[in-house]
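Let me begin by presenting the structure, written as structure tokens, before commenting on it.
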Amino acid sequence: MTSARSTRPGVVDRLLRYPVKSMLGEEIPAADVTERGLAHDRRRALVDKETGRVASAKQPRLWHRLLTMTATAGTSAVRITTWAGEELRSTDPGVDDAQSEIVGRPVVITDTPPHEATLDRADPEDVLRRDGVGQPVGAHTGRIAVASPREPSSTSRPST
């Protein structure tokens with residue numbers, strides 16, 4: 001049985017963009033869609049200096065503090081607002097140290113992930129069964145997808 005609702009085109013209720021992977025993002029009125037996805041979406045990420053892995057809130061025991069920061073895309077930098085209202089820019093000297101202090105691990109913000117970058121993804125069911133975000137959970141390590149931050153390939157075309 002097909003409902004009338006399933007035959008109508010979809011409607012976008014609101015558009016959200018996340019300039020830094022796993023940080024809170026911003027609601028925007030419109031956006032360009034490029035061959036890499038939504039413009040300025042997840043173009044930057046934090047990389048753990050010790051492991052070389054991309055920080056992801058999908059591993060909440062290590063990275064839940066990412067969700068205490070909000071990222072807003074700018075023309076030349078990302079503005080990061082902390083839970084306390086402090087504003088940082090992705091291009092500020094010392095931004096890596098400030099973010100390392102917030103997340104509790106040494107990190108660097110980058111728009112170019114390490115070669116063959118990986119991240120840990122916890123099993124959501126395992127996370128829900130635990131008592132608090134600090135409890136250890138199983139995780140699967142996976143490679144970063146094409147839409148994650150990386151330098152444009154030599155075959156990419158300029159957007160129009």
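The chain is numbered in sequence order, starting from 1. The structure displayed is predicted, hence computed values, not measured ones.
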message: Could you measure the distance from the OG1 atom of T72 to the CD atom of E27? Nearest 0.5 Å is fine.
response: 12.0 Å
- prompt: Out of curiosity, R42 CZ to S22 OG, how far, rounded to the nearest 0.5 Å?
  reply: 7.5 Å
- prompt: Would V47 and I109 count as a side-chain contact (heavy atoms from CB on, under 4.5 Å) if you check the C-alpha gap in whole Å, the side-chain angles of each, and the deciding distance to 0.1 Å?
  reply: CA-CA 6 Å; V47 174; I109 189 167; over 6 Å; no
- request: Indicate the atoms forming the closest heavy-atom contact of A45 with K21, along with that distance.
  value: CB-CB, 4.1 Å
- request: Please check if the side chain of T82 supplies one atom and the backbone of E86 the other of a donor-acceptor pair under 3.5 Å.
  value: yes
Approximate separation, where rounding is to 0.5 Å, of Q99 CD and S90 OG: 8.5 Å
- prompt: Is it true that a side-chain atom of D48 and a backbone atom of V54 form a donor plus acceptor pair closer than 3.5 Å?
  reply: no
field: V95 reachable from W63 in the ILVMFWY side-chain graph, under 4.5 Å edges
entry: yes
message: Please give me the minimum heavy-atom distance between A71 and V78, naming the atom from each residue.
response: CB-CG1, 3.8 Å
- line: Of all heavy-atom pairs linking L16 and R14, the shortest is CD1-NH2, 3.5 Å
query: Is there a donor-acceptor pair under 3.5 Å between the side chain of S56 and the backbone N or O of Q59?
result: no
field: Student check: side-chain heavy atoms of L88 and T81 closer than 4.5 Å
entry: no
message: Testing the basics here: between A77 and T91, what is the closest heavy-atom pair and its distance to 0.1 Å?
response: CB-OG1, 3.6 Å
task: Look only at the side chain of D41 and the backbone of P19, and say whether a donor-acceptor pair between them is shorter than 3.5 Å.
output: no
message: What's the separation between atom CE in M69 and atom CD in E87, rounded to the nearest 0.5 Å?
response: 14.0 Å
query: What's the spacing between T110 OG1 and L46 CG if we round to 0.5 Å?
result: 10.0 Å
- request: Measure the shortest side-chain to side-chain distance between E50 and P106 over non-hydrogen atoms and say whether it is less than 4.5 angstrom.
  value: yes
message: Does E101 have more than 12 heavy atoms from other residues, nucleotides or ligands lying within 6.0 Å of its CD?
response: no
task: Would you check if the side chain of E26 reaches a backbone N or O of A73 as a donor-acceptor pair within less than 3.5 Å?
output: yes
query: Would a distance-only check, ignoring hydrogens and angles, find a side-chain to backbone donor-acceptor pair under 3.5 Å from S100 to V107?
result: yes
Nearest-0.5 Å distance that lies between atom CZ in R44 and atom CE in M23: 11.0 Å
message: To check you understand the geometry: which heavy-atom pair defines the closest contact between R43 and G37, and what is its length?
response: NH2-O, 4.0 Å
- prompt: Are I102 and Y18 linked, directly or through other ILVMFWY residues, by side chains that come within less than 4.5 angstrom of each other?
  reply: no
- request: Return yes if some donor-acceptor pair links the side-chain N/O of D97 with the main-chain N/O of G94 below 3.5 Å, else return no.
  value: no
